[in-house]
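In each ligand, atom 1 is the first atom listed, and ligand 1 is the first ligand listed.
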Amino acid sequence: MRILFIFHPYMRTSLFLFFLLFLKVSCDNGFVFNGFGAAAKNLRLDGVSSITPTGLLQLTSGTSNVMGHSFRRGPLRLPPPGEPFSFSTTFVFAIASPNSDISGHGIALVMSPTDDLSAAISSQFLGLFNRENNGNSSNRIIAVEIDTIMNSEFHDIDYNHVGVDVNGLTSVDSHTAGYYDGSTGSFKNTTLASGQAMQMWVEFSSEDSKLNVTLSPILGTPKPSRPLLSTTVNISREFFGKNYMYIGFSSATGPWLTSHYILGWSFMMDGEAEPLDYTKLPPLPRFTSRRSWKALATWLPVASCALLLLVVAAVAVVVRRRIKYAEILDDWEHEYGPHRFSYKQLFRATRGFKDKTLLGSGGFGRVYRGVLPTSNIQVAVKRVSHESRQGMKEFVAEIVSIGRLRHRNIVQLLGYCRRKGELLLVYDFMPNGSLDKFLHDQSKASLDWAQRVRIIRGVASGLLYLHQDWEKTVIHRDIKPSNVLLDSEMNGRLGDFGLARLYDHGTDPQTTHIVGTMGYIAPELAKTGRSTTATDVFSFGAFVLEVACGKKPVEHESRGRQQLLLVDWVLDHWRRGSLLAAGDPRLRDEYPAAEMEMVLKLGLLCSHPMPETRPSMRQVMQFLDGDAPLPDLSPADMGYSVLSFLQSEWFDHFVVSESVPSHVASMSSLSGGR
Ligand SMILES: *[C@@H]1O[C@H](CO)[C@@H](O)[C@H](O)[C@H]1NC(C)=O
Ligand SMILES: *[C@@H]1O[C@H](CO)[C@@H](O)[C@H](O)[C@H]1NC(C)=O
Ligand SMILES: *[C@@H]1O[C@H](CO)[C@@H](O)[C@H](O)[C@H]1NC(C)=O
Ligand SMILES: *[C@@H]1O[C@H](CO)[C@@H](O)[C@H](O)[C@H]1NC(C)=O
């Protein structure tokens with residue numbers, strides 16, 4: 001432009017402006033940024049994204065639950081519908097996390113009719129969508145996601161994949177990250193969150209409506225000839241009615257402190273993107289820092305005596321620390337390295353397990369609140385005492401596989417640590433604590449009906465995931481309100497998986513250990529000691545009734561010695577035609593009667609004494625979503641008083657072991673009440 005101006009010194013301003021506009025819209029078919037140092041004016045940044053002094057485009061900056069966007073400033077023109085077009089783009093990115101095994105959530109290359117995605121949210125929504133607009137075809141957003149989390153709600157294939165998203169986060173096509181080797185044709189996988197710079201190419205041609213995505217994990221190697229994904233997307237149709245689109249990047253983090261970077265980016269409309277000049281790309285920050293011992297070396301000759309003393313003192317400290325931070329690490333645990341926390345880390349995180357950081361006790365142990373030292377993640381640390389090493393290997397294997405569960409109604413398990421006589425489990429911290437406080441603690445604000453239904457539905461969806469939708473069937477074994485935690489948006493999340501299992505491997509094989517909590521234990525579990533998905537459904541039924549009625553499953557009547565089972569009490573109301581009177585009085589009748597009735601009947605159906613009569617969690621979800629009607633039930637179908645059923649069928653078969661923790665079902669306390 002400057003050259004034009006010099007050659008036409010007398011050109012009128014309006015003409016000049018016309019030319020400027022003309023150039024900007026029609027000739028601006030491509031761009032190339034080898035680093036972003038000089039590109040700030042060409043990009044529209046929002047959220048946490050920024051350009052570092054070295055010229056890196058930093059989309060997210062190692063903090064949790066944030067998002068960042070960076071769009072090329074100004075829209076790109078699309079031809080009128082029906083006219084052919086193509087584009088090609090390539091960029092270099094890097095995902096760095098203190099722990100490559102847990103990082104999230106990812107980066108997306110976005111094509112959109114707007115460069116303002118501020119209404120989107122972070123975490124699994126990748127800064128692209130929110131709960132309301134996800135999947136809505138009026139979004140007209142096409143994205144290539146580089147995703148390091150496996151999200152079952154969007155049917156992600158794994159926690160290290162590339163996918164093509166059209167208007168929503170359920171990818172229309174996806175593939176484990178990697179590339180096809182040009183010489184052998186075989187697929188080679190690669191870890192996205194390795195902290196290494198990798199290159200991606202995205203190409204589109206309207207001729208066959210194919211969007212090709214290719215990845216190369218080694219910078220500087222030529223583009224693999226076979227694309228990783230070749231997906232049919234009709235971009236002309238998606239942008240129908242718009243003759244422009246914006247292009248840029250979006251990125252979001254969840255609970256993990258991950259940084260997402262773009263090092264260089266090139267784009268060309270109707271042609272091949274200009275190759276990037278790798279020598280000009282900015283360096284990535286060093287992700288680990290080492291202390292320099294140089295200073296010490298300089299002082300060594302001068303203060304060698306002092307140093308000797310220091311060493312002696314240091315050895316003493318180290319020996320004491322060794323004892324203080326001692327833990328158990330068996331050979332078979334090495335493969336679980338990334339899931340293992342050191343005791344020292346946890347000790348520091350909770351400031352020495354001070355009482356001030358105690359969140360609660362009960363269940364299988366005491367729970368402390370902490371902040372992990374290097375990463376600043378807020379966590380809850382549970383200390384479970386466990387003497388026996390028997391079954392520990394299977395248990396840790398299970399813990400590690402549970403750590404791979406990802407669902408928004410499940411409390412994320414981050415890892416574990418073992419010491420003599422105890423096990424420490426590290427979970428995502430849930431700011432609103434457990435549900436039982438909201439139900440039974442009169443000093444806490446009560447939950448309204450809509451919140452309760454949302455929590456019930458959330459727990460049902462988490463349990464469905466465990467039972468049917470994950471790669472293995474996971475039985476929770478201890479569903480109850482104190483194991484349901486509430487996140488910052490008051491969504492219910494299931495916690496404390498499989499812990500009950502530790503106690504299955506009893507020290508005394510002669511005794512039957514029934515694990516779970518009184519009132520939530522299915523009769524057949526008490527009889528056979530075998531947990532199944534149906535015994536979980538029974539506990540879920542008790543849980544549903546408890547949430548709807550605001551009463552515990554077993555209550556002592558005011559005069560003390562009489563036991564009252566909530567199931568029987570609700571059934572009794574139903575028989576007398578006053579089912580709704582069973583609803584929690586704290587709700588003050590502020591609920592749709594039909595919904596309350598459905599929830600109460602669902603609770604009863606799940607609590608049915610015969611396991612084969614109980615629905616599966618998939619059916620439960622259908623009932624809750626209104627996709628299927630509840631079976632036509634009458635109180636007579638429940639047949640008999642559950643209490644009398646339990647008393648006749650159950651107690652005779654049951655022996656209580658002294659070593660079972662006190663909250664674990666103790667039938668003697670119930671029969672003693674008679
Ligand atoms: C999709 O979004 C449009 C515009 O925001 C809205 O009018 C419509 O109701 C949405 N559709 C669905 C199914 O949510
Ligand atoms: C790549 O594949 C191998 C063999 O199937 C597997 O062991 C490894 O975990 C995979 N790596 C990644 C990053 O998925
Ligand atoms: C996408 O890949 C397929 C298969 O390799 C190829 O036939 C097609 O030409 C490619 N399209 C673009 C736009 O590169
Ligand atoms: C894409 O959509 C446009 C508009 O709906 C249509 O005219 C065109 O034929 C479609 N292209 C392909 C390859 O299906």
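In terms of polar-atom proximity, Asn234 is counted as a contact of ligand 4, with an N or O under 3.5 Å from an N or O of the ligand. The N/O atoms of Glu132, backbone and side chain alike, include none that comes under 3.5 Å of an N/O atom in ligand 1.
Judged as a side chain to side chain contact (heavy atoms under 4.5 Å, CB included), and not counting sequence neighbours, the contacts of Pro431 are Phe429, Ser488. Pro227 pairs by the side chain to side chain contact (heavy atoms under 4.5 Å, CB included) definition with Asn212, Thr214, Ser230, not counting sequence neighbours.
Remark: ligand 1 atoms within the under-4.0 Å shell around heavy atoms of Ser138 are 1 (C), 2 (O), 3 (C), 4 (C).
Ionic pairing of Glu489 and Arg408 is not present here: no N-O contact between side-chain nitrogen and carboxylate oxygen is shorter than 4.0 angstrom. Using a 4.0 Å cut-off between charged nitrogen and carboxylate oxygen, Glu203 and Lys223 count as a salt-bridge pair. Salt bridge status for Arg457 with Asp625: present, with a side-chain N to carboxylate O gap under 4.0 Å.
Using modelled atom types and a 3.5 Å distance limit, the side chains of Ser174 and His155 yield no donor-acceptor pair.
Among residue pairs with one or both ends in residues 265-283, those qualifying as salt bridge (Lys or Arg N to Asp or Glu O under 4.0 Å) are Asp277-Lys280; sequence neighbours excluded.
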Put together the list of close N/O pairs, under 3.5 Å, between ligand 3 and the protein, could you?
from, atom 1, to, atom 2, distance (Å)
ligand 3, 2 (O), Asn212, OD1, 3.4
ligand 3, 2 (O), Asn212, ND2, 2.3
ligand 3, 11 (N), Asn212, ND2, 2.8
ligand 3, 14 (O), Asn212, ND2, 3.1

